[in-house]
Amino acid sequence: MKKKVTSTDIAHAAGVSQSTVSMILNKKYDVSFAKETVEKVENAAKELGYVPPKRKTRKGTKREKLLVVFCPNLTNPYYVMLLQGIEAHAKEKGFGLFVCNTQRDLRMEERYLKMMWQLRPLGIIYTCNPSHCFMDLVGEIAEQIPVAIVNNQNEKMNVDAVELDNSKLGRVMAKHLLELGHRKVAYIAPPLTARQKQRSKRVEGFLKEYEKAGLRDQVIIKAAKEEIDLDVAHIDSEYKIGYELTKELLNETTDVTAIVGLNDMIAFGVMDALHEAKIKVPADVSVMGCDNTLFARMHNMNLTTIEHFVTFKGRDACDIIMKKIASHHSANLETAPISTYHVEYEPQLIVRGTTTYAKNARKKKN
């Protein structure tokens, strides 16, 4: 019986180390190897009749049931809550998650999207709208892999979506402050760009309520510059927006009686800037956030905010994917339909310790 040729035999014949032979035969080398060395090893292997060992494969191995989730950042608890909802439902169905944190970087988003052709997950969930320049690519992917998007109402999409009415959240916030007699207020927001339309919708809803009350010109909108979205998201980026813009606001005016943060993280920054300026919350200025994150419930924060059941929306998006996967396996369907799932949870005002009646309203009340 002919003895099997090993990498050790080739190393002796070529006059090189066994590790060099291993790297060259497995194509795991770079320009550090001279061309002559590579040829010497390959020729020796050929002359000796070397046969590469077959890779062992486990019989009956099933493809991993994988879902991919695109997130614009993981520093805002809002997206973490969405992920929790998605993961809880995915786990029930035996799926694993691969999270793509794009950090709102177009290059990162494009890179991850192009990876989908090799990764071939069973489904893809976007926790916010894809960037407009990649909508065609997302549409192409959706023809072969089920895609669901958690998006703002009225956005025209050619893929399945869970629609959110962000303008309603803004309206609920405004109604609460108006009921407390707050006439001169400020709204602190991240960049209000076309890429992040859900932010603008929340602000628009707030403004509409103040407009109905004839107080539109009493609302100061302070939004961060667009460059902030182009930077890599830091753990405290949204907190810093609230903190820095509130400091700017206090330098410009002193007569606002309430400040709203577009989300809880921004509201925390607002509160710290007020504390630093020795302005009492809510005695001097009321503060309000949105999303009802874990931190908002903590005793020292005690933030008035809006609960809009983010975790449930994550479950809904995952449920769409599960239904799409099931329909893909159905022999009765030649093409799967595109659906817009209008799953809307009525937002609930959570009144805690950071809002109270405006000073002038208190005097009238008394």
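The first residue of the sequence shown is numbered 1, and numbering continues consecutively from there.
- Following chains of ILVMFWY side-chain contacts shorter than 4.5 Å, one cannot reach V80 starting from M301, and the two form parts of different hydrophobic clusters.
- Side chains of S131 and E109: a donor-acceptor N/O pair is present below 3.5 angstrom, by distance only.
- Put simply, the side chain of T354 reaches to within 4.5 Å of the side chain of M271, judged on heavy atoms.
- Side chain to side chain, S19 and S22 fail the donor-acceptor criterion of an N or O pair below 3.5 Å.
- Side-chain contact between Y126 and V69: absent, with no pair of heavy atoms (C-beta onward) separated by less than 4.5 Å.
- Around CG of D136, the count of heavy atoms belonging to other residues, nucleotides or ligands within 6.0 Å does not exceed 12.
- Heavy atoms from other residues, nucleotides or ligands lying under 6.0 Å from NZ of K208 number 12 at most.
- If you check the side chains of T311 and R315, you find no donor sitting under 3.5 Å from an acceptor.
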(message) Would Q18 and S7 count as a side-chain hydrogen bond (donor to acceptor under 3.5 Å, both in side chains) here? Give the steps.
(response) CA-CA 6 Å; Q18 190 175 348; S7 57; 3.1 Å; yes

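- Inspection of the K168 and H308 side chains reveals no N or O donor paired with an N or O acceptor under 3.5 Å.
- Sequence neighbours left out, not one pair with a member in residues 85-110 passes ring pair (Phe, Tyr, Trp, His ring centres under 6.0 Å).
- Other residues, nucleotides and ligands place no more than 12 heavy atoms under 6.0 Å from the CZ atom of R111.
- Defined by atom type and a distance below 3.5 Å, a donor-acceptor pair is present between the side-chain atoms of N292 and R352.
- Without hydrogens or angle criteria, R199 side chain to P191 main chain gives a donor-acceptor distance under 3.5 Å.
- If you check the side chains of T355 and T304, you find a donor sitting under 3.5 Å from an acceptor.
- Of the possible polar contacts, none joining the R216 side chain to the E211 backbone as a donor-acceptor pair under 3.5 Å is found.
- Within a 6.0 Å radius of NZ in K240, other residues, nucleotides and ligands contribute 12 heavy atoms or fewer.
- A donor-acceptor distance shorter than 3.5 angstrom exists from the side chain of R202 to the backbone of L262, with no hydrogens or angles considered.
- At a cut-off of 3.5 Å, with distance as the only test, no side-chain donor of D9 or Y50 sits close to an acceptor on the other residue.
- The number of heavy atoms from other shown groups lying within 6.0 Å of CD (E87) does not exceed 12.
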